[in-house]
2 protein chains.
Amino acid sequence: MKRKITLKHIARELDVSISTVSKALKNSEEISRETKEKIQAFAKLYNYKPNNIAISLKNKKTKNIGVIIPDIVHHFFTTVFRGIEKYANDKGYNVIVCVSDESFDKEVINMEMLANGSIDGFIMALSAETQLKNDFNHLKQVTDQGIPLVLFDRVTDEVNCDKVVIDDQAAAHMAVSKMIADGRKRIALVTTENYLNVSSKREDGYKQALQEHNIPVREELILRLPYQYEDEKLSEVFFATQEVDAVLCVNEIFAIRTIRFLQDNQLQVPTDVSVIGFTDGILSRLSNPTLSSVAQHGEEMGTIAAKMLIDKVESDVEEGDEQYHTEVVEATLIERESTRSS
Amino acid sequence: MKRKITLKHIARELDVSISTVSKALKNSEEISRETKEKIQAFAKLYNYKPNNIAISLKNKKTKNIGVIIPDIVHHFFTTVFRGIEKYANDKGYNVIVCVSDESFDKEVINMEMLANGSIDGFIMALSAETQLKNDFNHLKQVTDQGIPLVLFDRVTDEVNCDKVVIDDQAAAHMAVSKMIADGRKRIALVTTENYLNVSSKREDGYKQALQEHNIPVREELILRLPYQYEDEKLSEVFFATQEVDAVLCVNEIFAIRTIRFLQDNQLQVPTDVSVIGFTDGILSRLSNPTLSSVAQHGEEMGTIAAKMLIDKVESDVEEGDEQYHTEVVEATLIERESTRSS
DNA sequence: ATAAAGCACGAAATCGGTTTCGTGTTAATA
DNA sequence: TATTAACACGAAACCGATTTCGTGCTTTAT
C-alpha cells in the first residue's frame, strides 16, 4: 500500500526545503527552472496531491457546501439537489447532505455539526416542524457568524438571507384559471395541514382565482390532509359528499391518490373530473392517465441557489451592507391527460 | 457579527496557555478544578466549538464519508442513500455525495477530489459506463491508499473490497417461479442492454426458473431496451407479435410503461397479463393497478454498507490480512394488484 | 575593487487544534 | 532539614500545507 505522499517527503527525498517544494509545484518564479523540473517530475511520479484538509485549514475555505433538506426520498428535493450538485461540482465544490427528516432537532444538530468549519455555506429547505415552531434561531446563529445561507422553497421571512422560491400563489392561480377556462365550476383543493408555507400560498392562489371569476369559495371543497398520510378515508368522505368537476392537489401524491379514488368510484379523469397536481415528477409522467402538473423546476432552483451561495462565498464584500435577494422561479403548467376541457 | 472563537482567544482572554484551555475543555485531570470551571464557563458563554478542520488535520480522520452514485433522482439510490445517511449521522459522520451521472470520467474525477483527505472512506455504486469499460483503476488506487471502500448493488469482482448486494438472480427466479405457480406460461422479460451486471443476473434467474419448470427460453420474449429510453416503439413491436401472459421487468419504470402499453392495447392487468417489476418504489405503490414488485430493501442496504464502512474506518486492523465480506440482502416480492393467478 | 542588485532558496510563522514532555511550586516523606 | 513526589500548568512539536521575510551567493554597475 502506498501511503499518501506529502511535501515533507518530497523535500526530504530531494534534499530541499518544504517551502521550495511548495513553490516549485506552484511554478513560482522564485525557483530555478531545473529545481522546479526535478521537483515536479518527482511529484508526478509519486502522484502527489495536496491534502485538502490542510489547505482548508490554511485558507479558511473548505470548498464544501452544506445542504439540509427535509427528505431525500422525495422527487422535488432530489431534483433541487441535482441542480445544486451539478453547479457546485462545476465550481469545484463538494456537497455535504444532511436530512432533517422534517424534524426541528435534527435540523439544529445538523447545522451545528457543519457550522464549525466543515462548510463554507448552507443551502436548505426548512423542515415542517421548524415551520410549525416558527423558531429560526439556529439559522440566525449561522448568519450571525457570517456563514452565507440560501433558503429555497420552504422559506421564512424571519431570516435575512438569499432565497429562491416559486410563486406558489401565482402557480395555483394559473392552474385554477386554466380549469375555469376549461369550463370547470366546482373546483376542489386537496392540500396539507396549513403550517407549510407553500401550501397556504397555494391555497391563497386557489381562492383568488375563484374569486376573480366570481366563483364562491366553499370551505367544504377544501380538504386538508396530514402531510404524511397513509389512509384515504378522508378523501372518500370528501368526494362522496361533493359534486366536484375538478381538483387541484398541492402535490403529486395527493393527485395520484385522488385520481385513483375517482377511478375506483367510476368517475372518469378527465371527462368527469379534471385533476392538476404540483411537483412535476416521475409519477405525473407515468400515471394513467398522465397527470397535468405544475412544474416547479427544481433543478433550476437548485442551480440558482448554488450560484447565489457560491457567489456570496467567493465575494469579499464586507458584510453589514449586504444585499439579499429573493429569486422567483416561474412555475409552468405541464398539461397532460388528466385535464381537458369538459 | 460574532466571529468564531478559538482556543487562542480564550487563552489570551483568561491569561493561560492554549494547552491549558484545551485540557480544561476536555476535563483533563491535569488541570485544577477552579481553572477548569473558569475556562469552561468562559467557553460556554462565548459558545466555543472546536474547529472541525483543525481536528481533522490533527487526527487524520475527517468523520466524512463519500458516497458516489450514478443518479440521485432515482428511487432506489435515494433509498440506499437514506440508509447510509441515517446510520452515518448516528455515528457522527457526515456524508458527501457526488453524482457520477453514469459517466466514467465524472466518477474518476469525483473520487480523486475526495480521496485527498476529504473523506475517511467511500460507498459507491458503479456507473453504467464504468461497468461497460470494465476499468476499475480508480477504485484500486483508492484501496491501495488504504482508503476503505464499500460497493453496493452495482459491484464488480475485479475490486477487492466489502460489498453489499441483493441476489438478483434469486430474486428474478422467485418472481418468475411465482408467475409460473400462478399458471402463467408465456413469460416475457423486459430488461436493459446487458452491460449492467444486475440486469444480466436477473436474466439468468429468469431463464433458470423457466428451465426448472421445463418452459423453453424463447429469445423473442426477451426485450432489451436502452437504459434511458424515451420511446416505447420497441415495446409495441414486441407485444404486437407475441402472446404474452406475464412480464417480468427489471425496473419499475419499464413495468409501469409495460402496464400502460398493455392497457392501451386492451389487455387487462392482471387478468390477461400479470406484471412484476423490480425496485419497490413510489411508482409501484401508486400505479393503477398497483404493481407487484421485487423490493430491494435499499435502505437496509444503505445501513449495512454504512456499518461495514464505518467499522472498517474505525478498526485499526493492520491491512494486508484484511477480510472482505459480501453481504447479500434478501429480496422480497411484494404482491400487489398487478399479479394474480390466471 | 567595491557596492548594489538579483537570484535561488530556507527559516519560521500561520491556520486551530492535540499531546508529550518539562518545570516551578508546594506538600509529603525520610 | 533535605529529598522526593504530586500538582498545575506551559512550551513546543505536530498534522500538511502556504507565504512572508531573510540571507548567502553570484552577477552587474560604478
Side-chain angles (χ1 to χ4, degrees), chain A residues 3-40 42-43 46-64 113-120 145-146, chain B residues 2-40 42-43 46-64 113-120 145-147:
Chain A
R3 274 252 144 271
K4 284 256 104 179
I5 193 177
T6 70
L7 289 188
K8 195 193 282 189
H9 295 133
I10 302 183
R12 216 197 301 287
E13 214 63 34
L14 263 42
D15 207 51
V16 292
S17 77
I18 293 181
S19 352
T20 303
V21 178
S22 175
K23 290 167 188 163
L25 293 176
K26 311 204 88 132
N27 236 313
S28 159
E29 300 279 301
E30 250 180 281
I31 308 298
S32 72
R33 211 172 50 77
E34 19 179 11
T35 307
K36 282 198 282 195
E37 280 173 359
K38 182 180 65 176
I39 292 176
Q40 289 173 3
F42 189 92
Y46 285 94
N47 193 33
Y48 169 80
K49 294 279 166 47
N51 181 305
N52 291 331
I53 300 292
I55 294 181
S56 294
L57 180 58
K58 182 74 191 158
N59 296 348
K60 296 170 148 242
K61 294 265 171 228
T62 62
K63 287 273 184 176
N64 285 156
M113 273 197 74
L114 296 181
N116 296 114
S118 298
I119 49 90
D120 296 339
Q145 282 174 38
Chain B
K2 334 155 191 167
R3 273 252 143 269
K4 282 257 104 177
I5 191 177
T6 71
L7 288 188
K8 195 192 281 189
H9 296 133
I10 302 183
R12 216 196 303 286
E13 214 63 33
L14 262 42
D15 207 50
V16 292
S17 77
I18 293 181
S19 350
T20 302
V21 177
S22 174
K23 289 168 189 164
L25 292 177
K26 309 201 88 122
N27 237 312
S28 160
E29 300 280 298
E30 252 181 279
I31 308 297
S32 70
R33 212 170 50 76
E34 21 180 7
T35 308
K36 283 198 283 194
E37 280 172 359
K38 181 180 66 177
I39 293 176
Q40 289 172 2
F42 189 92
Y46 286 93
N47 192 32
Y48 168 80
K49 293 281 166 48
N51 181 305
N52 291 331
I53 299 292
I55 293 182
S56 295
L57 181 58
K58 181 70 189 163
N59 296 347
K60 296 170 147 238
K61 293 269 169 222
T62 62
K63 287 270 183 179
N64 285 156
M113 274 196 73
L114 295 181
N116 295 113
S118 298
I119 49 89
D120 296 338
Q145 282 174 38
I147 302 178

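Below, read A as the first sequence line, B as the second, and so on, with proteins coming before strands; counting in each chain starts at 1.
- In this structure, CD1 of A:Ile31 is placed 7 Å from P of C:dG10, rounded to the nearest angstrom.
- Rounded to whole Å, the distance from CG on B:Asn27 to C1' on C:dT18 is 16 Å.
- Counting non-hydrogen atoms under 4.0 angstrom, B:Lys60 reaches the backbone sugars and phosphates but no base.
- In terms of polar N and O atoms assigned as donor or acceptor, the side chain of B:Lys8 never comes within less than 3.5 Å of the base of C:dT18 in a complementary pairing.
- The NZ atom of A:Lys4 sits 14 Å away from the C1' atom of D:dA17 (whole-angstrom rounding).
- Rounding to the nearest 0.5 angstrom, the gap separating the CD1 atom in B:Ile10 from the OG1 atom in B:Thr20 is 12.0 Å.
- If you check distances only, the side chain of B:Lys61 never reaches the base of C:dT18 with a donor-acceptor pair under 3.5 Å.
- Counting to the nearest Å, the P atom of D:dG16 and the CG atom of A:Leu25 are 16 Å from each other.
- Within the 4.0 angstrom heavy-atom criterion, only backbone atoms of the sugar-phosphate kind lie near B:Thr6; the bases stay farther away.
- At D:dG16, none of the side-chain N or O atoms of A:Tyr48 fall inside 4.0 Å of OP1 or OP2 (strictly under the cut-off).
- The backbone N or O of A:Lys61 sits nowhere less than 3.5 Å from a side-chain atom of A:Asn59 that would complete a donor-acceptor pair.
- Using a 4.0 Å heavy-atom cutoff across all strands shown, B:Ser22 reaches at least one base atom of the nucleic acid.
- Take the nearest nucleotide of DNA chain D for B:Asn59 and for B:Lys23: the residue whose nucleotide is more 5' is B:Lys23.
- With rounding to the nearest 0.5 Å, the separation of CG in B:Leu114 from CD1 in B:Ile147 is 9.5 Å.
- Atom CG of residue A:Asn47 and atom CD of residue B:Gln145 lie 7.5 Å apart, to the nearest 0.5 angstrom.
- Of the candidates C:dC15, D:dC15, C:dG17, the closest approach to any side-chain atom of B:Pro50 belongs to C:dG17.
- Taking the nucleotide of DNA chain C with the nearest heavy atom to each of B:Ala54 and A:Glu30, the more 5' of the two is matched to A:Glu30.
- A:Lys58 contributes no side-chain N or O that forms a donor-acceptor pair with the base of C:dG16 under 3.5 Å.
- Between A:Leu57 atom CG and D:dC15 atom C1' the separation is 9 Å, expressed in whole Å.
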Give the C-alpha distance, both sets of side-chain angles, the deciding distance and a yes or no for salt bridge (charged side-chain N to carboxylate O under 4.0 Å, His left out) between B:Glu37 and B:Arg33.
CA-CA 6 Å; B:Glu37 280 172 359; B:Arg33 212 170 50 76; 2.7 Å; yes

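- Note: CD1 (A:Ile10) to P (D:dG16) measures 13 Å, nearest angstrom.
- Closest contact between the side chain of A:Leu7 and the listed nucleotides D:dT19, D:dT18, C:dG16 involves D:dT18.
- With rounding to whole Å, A:Arg3 atom CZ is found 14 Å from D:dG16 atom C1'.
- Not a single donor-acceptor contact under 3.5 angstrom links the side-chain atoms of B:Thr20 to the base of D:dA8.
- Applying the 4.0 Å criterion to OP1 and OP2 of D:dC15, one finds that B:Ser56 has every side-chain N and O outside that range.
- Residue contacts shown for B:Ser32 are limited to sugar-phosphate atoms, with no base heavy atom under 4.0 Å away.
- Residue contacts shown for A:Lys26 are limited to sugar-phosphate atoms, with no base heavy atom under 4.0 Å away.
- Residue B:Thr35 places at least one side-chain N or O closer than 4.0 Å to OP1 or OP2 of D:dC9.
- Here the nucleotide nearest the side chain of A:Asn51, chosen from C:dT18, D:dG10, D:dA17, is D:dA17.
- For B:Glu29 and D:dC9, the CD to P distance is 13 Å, given to the nearest whole Å.
- Shown here is B:Asp15, whose CG atom has no more than 12 heavy atoms of other residues, nucleotides or ligands within 6.0 Å.
- Distance from the side chain of A:Ser19 is smallest to D:dT19 among D:dT19, C:dG17, D:dC15.
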